[in-house]
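The sequence lines fix the lettering, A, B, ..., with proteins before strands; numbering per chain opens at 1.
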Amino acid sequence: MYHYDQYDETLVRERVEQFREQTRRFLAGELSDEEFKALRLRNGLYLQRHAPMLRVAIPYGLLNATQLGMLAHIARRYDRGSGHFSTRQNIQYNWPRLEEVPDILAELATVQMHAIQTSGNCIRNITTDHLAGIAPDEVADPRPYCELIRQWSTLHPEFSFLPRKFKIAVSGSPHDRAALQVHDIGLCLVRNARGGIGFRVLVGGGQGRTPCIGVFIREFLEQRHLLSYLEAILRVYNLHGRRDNIFKARIKILMRHLGAEEFTRQVESEWKHIRDSVLTLKPADIERFQACFPEAPYAEPTDEVNTRVEADCRNLRERNPHFAAWMKNSIVAHKTPGYNAVYISLKAPGQVPGDASAEQMEVVAELAERYSAGEIRVTHSQNLLLGHVRRADLPALWAALDKQQLATPNIGLLGDIICCPGLDYCSLANTASISVANNIQEHFEQMDYLHDLGELRINISGCMNACGHHHVGHIGILGVDKRGQEFYQFTLGGSSREDAALGDRLGPAVSKQQVVEVVQHILKLYLELREPGELFLDTYRRIGLQPFKQRVYEDSRATGSH
Amino acid sequence: MKILGPQGVTDNTWRSLPPGEQETAPEIKREAPLPDGDLLAPADVWRTRRDALLAHPGRRLGLLLHVDDPWEEFLPLLPRLALIALNFPAFNDGRPFSTARLLRERHAFRGELRAVGDVRRDQLFFMRRCGFDAFCLVPEQQSPQALEQALSALREFSVHYQSAANSSTDIFQLRRDHAALKTAK
Ligand code: SF4
């Protein structure tokens, strides 16, 4: 993974000192709430419902064991012993003390981490595929480009006061695991007819109140032009994005206002001026960044070892149904023979989705050290992943994870709910999204087991801001407030993959007590009507919204009255 | 008002003309003689009184631009301008950062580029990187102590990743130089 050089280190250190001074001025009354707000947000610090919330950047979701150890230490020393991994591959602490935040940032800097631009109206943490560099279907490793963009966007002098927040995602594979199409900019690595590597560029996706699927504005951008093209897009947005209405300030609104064609014309015409400038990347620049992400030291096992390992795994699977379920669910193919990537579920029933205790983080750090080249990834579905596990080590790894409630075999299934913090922590929330997630997990654990529901993504947001990505859930659940009561609005058929779609609204919102029942109706109908091999999304796309609507609101009178 | 500029803290010597609409009827305004000294005129005054402004070759002239002004129409004027003041309507309105870079980098404006309006200490570093070289801070940050602090804000970072309008070398280039040096050895 990327290691800071002297320049990166200097910048982060100076940033910590700058923020220490800003915090001091605020506490001394020299800085108004409003001014401090703009500054602290740029360092990931919110003042929330109960206490400040600090969001620490995990650039493109990649951590080494030492860094995860530090995150555990911070959870223990400055928080109440846990951290929350977010849908943007970052980590959030919900109980730090404002006066201590500069110390936290200083501790993070010692392991080459920071909280720069994890919030505020600026370019946020760059996200990517959690299988970057190891997926068999990859065109090129997206991480060197993510790091390039991270550096270019860090304290960008021109783009630090944008109309609104700005999110960029990069995927190295045609199979989109980074939700490109709901980002302000989505970059997909592709190969052109001559074999050259470049990007397909998408602009104007987003979630929130006005969810949009982005539009591809360029089919092929040579990699050396990456930064100049980004700069052109950002400049058009910075100059022309709306600033009078916070709900109309994202680039998706500008793009729809101008029309994709006119927007693209403006970007291209701006780009003409800067495409051959200091922003042009030299081959050596790109190579330098690529060299920062070497292959893990894989040892290709001999056939003999392979046969033995497979036999061992098979034996254990036969003897131990838990291990068998985990092997079936939590293991992913790896481009190197003899290796797997392994998901670590942070969705054990009853747990806050995405939360990990300090102890769990330490155990994972240690396991990564022992079994996975010392590296950990955070997925955008709020789980962790070890990227380089020898198949021979799977049984031992499973046993260690299982002891920590980290081996729940529900990855990609009903129990793997994406959920925002909601009322428990977020000051904007209408509803307690976490308790809804827990109710669903609890209720359907058995059903999933019995019926093998297959891939199913349930996403829950506590308010219209959509941090729980409800628009792109196969089943999306949005918390709304109706005269002080919590209600929940369902959408069906969303997806954040390469077949991206926004969910269709099922009908009127239902009360909190009815949520589980509605999910039950939806799943039962799916089970009745699915054809062999069909996943929920397939069935939904085939039969459409109407049958679900009818089942939930008409056939079952209980939910019909609202 | 004090100005923080390349020479440190100085008094503002420029005289600002009020926007045209707020003056008396346009016919009279067009007749009225312009005051002496260095004049900073907003875009609409430049439109109505361009000839009068340009009539005295010895006088230094400035243009005040608000974020909604179509500033491109004044590009032909750049060689005659000793000062462009870009107004920040709010602390968090980032448009003038782009305008500043374009004026400096694309249109080679070499005069003084001054940040006015809601200008506060914590934006100065970014402003200077975008090509501003003079800053008129908000009234509550005009005390000698506050101005001293503002000067130190310009030194908060010793490195940066982006090449922008000020001349210091960016990290990407520093790395290239470093690599070249290593191969040379
Ligand atoms: S979706 Fe709403 S409630 Fe949930 S974290 Fe975002 S702002 Fe808070």
*How are the rings of F91(B) and F161(A) set relative to one another: parallel (under 30°), tilted (30 to 60°) or perpendicular (over 60°)?*
perpendicular
_Please determine whether the number of non-hydrogen atoms from other residues, nucleotides or ligands lying under 6.0 Å from atom NE2 of H178(B) exceeds 12._
no
_Side-chain donor/acceptor of E14(A) to backbone N/O of S158(B), under 3.5 Å_ = yes
_Residue part contacting chain B, namely of R288(A), when any heavy atom lies under 4.5 Å_ = side chain
*How many angstroms lie between CG in L41(A) and CG in N92(B), if you round to the nearest 0.5 Å?*
10.5 Å
*Part of L174(B) lying under 4.5 Å from any heavy atom of chain A*: both
*What's the spacing between L39(A) CG and Q123(B) CD if we round to 0.5 Å?*
9.0 Å
_Carboxylate-amine/guanidinium contact E231(A) R101(B), below 4.0 Å_ = yes
*Under 4.5 Å from any heavy atom of chain A - which part of R95(B)*: both
_Between N121(A) and chain B, with a heavy-atom cut-off of 4.5 Å, which part of the residue counts as in contact: side chain, backbone, both or neither?_
neither
*Report the C-alpha separation of E105(B) and V278(A) in whole Å, then their side-chain angles, then the decisive distance to 0.1 Å, and conclude whether the side-chain contact (heavy atoms from CB on, under 4.5 Å) test is met.*
CA-CA 12 Å; E105(B) 296 172 54; V278(A) 283; over 6 Å; no
*Passes side-chain contact (heavy atoms from CB on, under 4.5 Å), H273(A) versus L102(B)? Steps please.*
CA-CA 10 Å; H273(A) 293 284; L102(B) 290 172; over 6 Å; no
*Of the backbone (N, CA, C, O) and the side chain (C-beta and beyond), which part of R128(B) lies under 4.5 Å from a heavy atom of chain A, both, or neither?*
neither
*Residue pair F125(B), L155(A): steps toward the side-chain contact (heavy atoms from CB on, under 4.5 Å) verdict*: CA-CA 10 Å; F125(B) 183 79; L155(A) 305 188; 5.8 Å; no
*Tell me, side chain or backbone of D93(B) under 4.5 Å from chain A's heavy atoms, or both, or neither?*
both
_Atom CZ of R80(B): over 12 foreign heavy atoms under 6.0 Å_ = yes
*Heavy-atom pairs under 4.5 Å with chain B are the metric here; pick the option from A38(A), A284(A), S160(A), P157(A) that has the most.*
P157(A)
*With chain B, which of R15(A), H156(A), E17(A) has the greatest number of heavy-atom pairs at distances under 4.5 Å?*
H156(A)
*Can a salt bridge be assigned to the pair R121(B) and E35(A) using a cut-off of 4.0 Å between side-chain N and carboxylate O?*
no
*Between R25(A) and D122(B), is the closest basic N to carboxylate O distance under 4.0 Å?*
yes
*Under the 3.5 angstrom rule, does the side chain of Q162(B) hit a backbone N or O of W152(A) as a donor-acceptor pair?*
yes
*chain A contact via Q173(B) - side chain, backbone, both or neither, heavy atoms under 4.5 Å*: neither
